Amino acid sequence: MIDLRIRAATPDDLDAVLAFWKVAAEGTSISDDRDGVERLVARDPETLIIAEQDDELVGTVIAGFDGWRCHLYRLAVHPDRRRQGIGSALLTAAEERFVRLGGRRGDAMVLVRNESAQHAWRAAGYAPEEKWRRWVKPLGD
């Protein structure tokens, strides 16, 4: 396996994370801005996990725990670094975090159109739960 450093993101990392998501993440989120990510890290400093290789950001995952459920978002690996174990290492770190916090089951947001991500999630032991549908409502303006 490649030499990776897995750690929680700090406020100093947030601009790099936002730029990274433009290159490596599929789709965008209403919260993909500095204010949104700052709130995330301020509320739970360990929730945004990053992977670095040779001091370069190569992967991210958001491992959110609300005290009841474990949610995974923004699993992203730089396109030039995929299929090297980075995503697996990030998921392992996220799952270990959930277990430490008392979590019982992780769920992931995966775009329907992102077939390569679906294959990666399946390979990591996750499966779609077809009986549920995500319902959303933008808040504010």
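Just so it is clear, the model here is predicted, and its values are computed rather than measured. Side chains are part of it too, since the values below use all heavy atoms of this structure and drop only hydrogens, waters and symmetry mates.
- Here R134 pairs with M109, V136 under the side-chain contact (heavy atoms from CB on, under 4.5 Å) rule; sequence neighbours left out.
- Hydrophobic clustering, with ILVMFWY side chains joined whenever heavy atoms are under 4.5 angstrom apart, keeps V61 apart from V41.
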For L91 and L75, what are the C-alpha separation, side-chain angles and deciding distance, and is it a side-chain contact (heavy atoms from CB on, under 4.5 Å)?
CA-CA 8 Å; L91 282 179; L75 176 63; 4.0 Å; yes
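- Judged as a side-chain contact (heavy atoms from CB on, under 4.5 Å), and not counting sequence neighbours, V99 has no contacts.
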Identify every side-chain donor-acceptor pair in residues 49-56 under 3.5 Å, counting partners at least two apart or on other chains, and give the distances.
from : atom 1 : to  : atom 2 : distance (Å)
E52  : OE1    : R5  : NH1    : 3.3
E52  : OE1    : R7  : NE     : 3.1
E52  : OE2    : R7  : NH2    : 2.9
Q53  : OE1    : R81 : NH1    : 2.4
E56  : OE1    : R81 : NH2    : 2.9

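- Residue pairs meeting the salt bridge (Lys or Arg N to Asp or Glu O under 4.0 Å) criterion with at least one member in residues 58-77, sequence neighbours excluded: D32-R74.
- Judged by distance alone, with hydrogens and angles left aside, the side-chain atoms of D13 form a donor-acceptor pair with the main-chain N or O of T10 at under 3.5 Å.
- The CZ atom of R34 sits 4.5 Å away from atom CG of D15, with the distance rounded to the nearest 0.5 Å.
- Separating the CZ atom in F65 from the CG atom in L101 is a distance of 5.5 Å, to the nearest 0.5 Å.
- To the nearest 0.5 Å, atoms CG (L14) and CG (L48) are separated by 7.0 Å.
- Of all non-hydrogen atoms in F98 and G64, the two that sit nearest each other are CE2-O, 3.5 Å.
- When all heavy atoms of A63 and R97 are compared, the pair lying nearest together is O-NE, 2.9 Å.
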Report all side-chain donor-acceptor pairs from residues 121-128 shorter than 3.5 Å, counting only partners two or more places apart or in another chain.
from : atom 1 : to  : atom 2 : distance (Å)
Y126 : OH     : E95 : OE2    : 2.7

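- With sequence neighbours excluded, no residue forms a salt bridge (charged side-chain N to carboxylate O under 4.0 Å, His left out) with D33.
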